[in-house]
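As structure tokens, the structure follows; a few thoughts come after it.
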Protein chains: 2
Amino acid sequence: MGQGMSKSNNVYKDAYNRCLRLLDETRSLPSEPELGTLLGVSRTTVRSILARMEETGLIAWNKRAKTVLRDPRPDDFFPEEETDTLAEIIERSFMRRLLAGGAEAGMQINELELAREIGVGTTSVREFLIRFSRFGLIEKRRNSHWVLKGFTRAFALELTEIREMFELRSAAAFAALPQDSPVWADLDRLEDEHRLLAQEIATRFNAFSELDERFHRLIHRASHNRFIVDFYDVIAMIFHYHYQWNKAQERERNEVAVGEHLAYIEALKSRDLGKVDAACRKHLKSARQTLLTSIPESRSLQKS
Amino acid sequence: MGQGMSKSNNVYKDAYNRCLRLLDETRSLPSEPELGTLLGVSRTTVRSILARMEETGLIAWNKRAKTVLRDPRPDDFFPEEETDTLAEIIERSFMRRLLAGGAEAGMQINELELAREIGVGTTSVREFLIRFSRFGLIEKRRNSHWVLKGFTRAFALELTEIREMFELRSAAAFAALPQDSPVWADLDRLEDEHRLLAQEIATRFNAFSELDERFHRLIHRASHNRFIVDFYDVIAMIFHYHYQWNKAQERERNEVAVGEHLAYIEALKSRDLGKVDAACRKHLKSARQTLLTSIPESRSLQKS
DNA sequence: AAACTGTTTTTTCACGATAAAAGACATTAA
DNA sequence: TTAATGTCTTTTATCGTGAAAAAACAGTTT
């Protein structure tokens with residue numbers, strides 16, 4: 001299956017699914033260009049979607065007249081796994097291998113083997129590795145193989161060192177933003193979400209991960225520095241897999257973190273640089289601790 | 001020319017040229033594996049080199065007996081331009097376009113067009129752009145084109161902001177290194193080179209660029225942080241092209257910089273953190289100024 | 001037995017080709 | 001005359017392929 005296939009139509013399938021949800025909500029469909037903007041795809045893809053919706057009897061379609069004929073059913077949707085980007089598929093496979101033990105630092109990475117194992121072309125794997133290399137976990141030997149540097153204690157320390165430097169600076173920049181900046185409204189909204197989550201922490205603690213990312217990205221953006229903003233991708237990636245992998249005391253950890261975020265938000269709103277610095281430091285310290293304790297000892301003994 | 005070619009043998013040609021120089025110096029050749037390590041290539045390539053040297057009458061070769069028959073002549077060497085990596089070729093072409101005006105921020109980059117213009121495959125261009133994207137000058141639109149963000153004043157400011165943060169920290173770490181660390185010897189050697197250059201600045205001012213990079217990399221390495229060390233690639237790239245492009249008052253600028261470096265080295269050797277901080281700040285400030293003045297006004301008006 | 005040379009296998013690098021998706025142009029409806 | 005639809009062209013994403021280069025294996029020489 002999937003062999004010899006030049007390119008999967010996951011963009012279409014994903015947009016189709018999202019379009020179904022839209023249909024379910026609004027009971028109508030706008031013009032083709034508008035729908036394209038809404039779904040973030042070209043009109044070419046929009047027309048493929050509409051064509052299929054007509055075929056499956058969801059809508060009647062004649063030029064600009066689009067009539068909804070019936071509600072979308074669960075089986076109208078494409079399976080979730082068919083909507084993933086190749087890059088996502090490769091990343092998942094790669095990270096699974098990397099975290100599922102046996103991935104010792106210094107080990108060499110074989111493009112061809114990876115490609116065969118995942119069932120994709122070598123080009124895609126190469127491109128993935130190049131993109132991934134900026135995370136500092138792998139390194140290329142000139143016209144030869146890639147080397148795994150390992151998810152070690154050293155890595156975590158280096159990562160958090162930069163993170164702390166960047167976030168302290170961003171937080172200070174944030175606090176210095178004028179009162180009429182739209183970020184204060186964003187912050188208020190995030191504060192509400194944090195309070196809500198704090199109340200329902202017992203059942204919704206796993207919603208924290210996503211909130212965490214949005215909160216920190218908002219702060220980093222205040223730096224107005226592309227290198228700082230981009231660096232959050234590294235942190236986000238590591239934390240994304242960290243959250244999936246280290247489930248020990250997740251509820252407690254997240255509860256503490258929500259509290260720290262609220263104090264941090266309070267400090268930002270006070271616009272008192274001393275308070276901001278203290279709150280930021282405190283939160284980052286416990287975030288680092290959490291990350292460090294999740295690194296198995298066997299992995300932390302290796303040389304960088 | 002070069003059309004339909006699967007892969008150029010630039011590794012072989014470059015190693016061949018270097019091997020000729022070696023032959024010229026040492027008048028003899030070691031064993032195949034040793035030669036491989038020396039040239040940084042595999043034995044397969046070494047054997048191709050030896051085979052050609054035999055063919056062109058440079059050596060007699062029978063198993064481990066390699067006898068030098070004559071001196072290498074200029075026409076034995078492969079032309080310089082045939083020894084470049086594809087990545088280097090693409091980078092040069094791309095940067096020429098980028099710096100040779102007409103490259104307005106917001107402009108879109110077309111992989112196919114670039115590939116055709118340079119005369120290479122699209123894959124190589126794609127891979128180059130992915131690698132290049134970490135420099136913060138271009139950005140990808142999801143399943144669409146790349147966008148040029150432009151070599152603007154904002155870019156220079158963001159770059160130098162991070163550079164200053166990283167280098168101040170690295171310099172402090174450097175000064176705190178134990179007396180028996182090998183870096184102090186490296187620093188002494190660099191100091192000597194700086195003094196030498198200071199004396200001959202009138203004629204050798206263009207040798208500064210390379211010395212500058214080695215000096216700053218030494219300092220950054222003291223951070224023991226891969227993200228800081230890797231970030232120097234961004235700086236090095238920008239300065240590399242900056243030096244090629246902005247020749248105004250090059251001699252004066254470099255003379256000042258050499259002086260600042262010497263003061264900076266002095267401060268490091270004093271191991272007085274206050275002095276280190278001051279000397280580092282001073283140098284970085286003038287480096288930033290140099291970079292900023294080299295950005296044409298027309299480019300600095302654009303929004304980031 | 002250690003280090004070399006000879007030979008074979010595997011991997012990386014780069015290309016052209018092709019389907020998916022985007023984008024441009026021409027036409028038509030409001 | 002603006003904004004949509006219908007059609008055609010270009011570009012991106014991905015693969016298989018083949019040469020260059022690396023790496024592994026086997027046999028020799030010292």
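A note on names: the letters A, B, ... follow the listed sequences, proteins ahead of strands, and every chain is numbered from 1.
- Nucleic acid contact class of K13(A) (heavy atoms, under 4.0 Å, all strands): none.
- Counting to the nearest Å, the P atom of dA30(C) and the CG atom of N62(A) are 10 Å from each other.
- Between E113(B) and H145(A), it is E113(B) whose nearest contact on DNA chain D lies nearer the 5' terminus.
- The base of dA23(D) lies close enough to the side chain of T44(B) for a donor and an acceptor atom to sit less than 3.5 Å apart.
- K140(A) places its NZ atom 7 Å from the P atom of dT12(C), with the value rounded to the nearest Å.
- For the pair P30(B) and T123(A), nearest-nucleotide mapping onto DNA chain C gives the more 5' position to P30(B).
- Between L112(B) atom CG and dA22(C) atom C1' the separation is 13 Å, expressed in whole Å.
- F77(A) and Y16(A) have their aromatic ring centers separated by at least 6.0 angstrom.
- Rounded to whole angstrom, the span from the CD atom of E32(B) across to the P atom of dG6(C) amounts to 6 Å.
- When rounded to the nearest whole Å, the span between CH2 of W146(A) and P of dT11(C) equals 17 Å.
- Taking the nucleotide of DNA chain D with the nearest heavy atom to each of R141(B) and R64(B), the more 5' of the two is matched to R141(B).
- If you measure from atom CD of E111(A) to atom C1' of dT14(D), you get 15 Å, rounded to the nearest angstrom.
- Ring centers of F78(B) and Y12(B): under 6.0 Å apart, within the cut-off.
- Electrostatic pairing of R92(B) and D84(B) counts as a salt bridge here, judged by a charged N lying under 4.0 Å from a carboxylate O.
- Using a 4.0 Å heavy-atom cutoff across all strands shown, I90(B) reaches no nucleic acid atom at all.
- In the set dA4(D), dA22(D), dA24(C), dA24(C) carries the atom at the smallest distance from any side-chain atom of R43(A).
- In the interface, the side chain of K63(B) is not paired with the base of dT28(D) through any donor and acceptor atom under 3.5 Å apart.
- Rounded to an integer number of Å, the gap from E127(B) CD to dT12(C) C1' is 10 Å.
- Of the candidates L69(B), L20(B), D71(B), L20(B) is the only one forming a side-chain contact (heavy atoms from CB on, under 4.5 Å) with L58(B).
- Side-chain atoms of K7(A) lie closest to dT14(D) of the nucleotides dT5(C), dT11(C), dT14(D).
- Listed nucleotides dT12(D), dT5(D), dC4(C) differ in distance to K66(A); the shortest reach to its side chain belongs to dT5(D).
- Within the nucleic acid shown, S48(A) has no heavy atom closer than 4.0 Å to any nucleic acid atom.
- Counting atom types as modelled, S6(A) pairs no side-chain N or O with a base atom of dA20(C) as donor and acceptor under 3.5 Å.
- Distance from the side chain of S124(A) is smallest to dC15(D) among dT12(D), dA20(D), dC15(D).
- Note: CG (L35(A)) to C1' (dA22(C)) measures 16 Å, nearest angstrom.
- In this structure, F227(A) has its ring center under 6.0 Å from that of F231(B).
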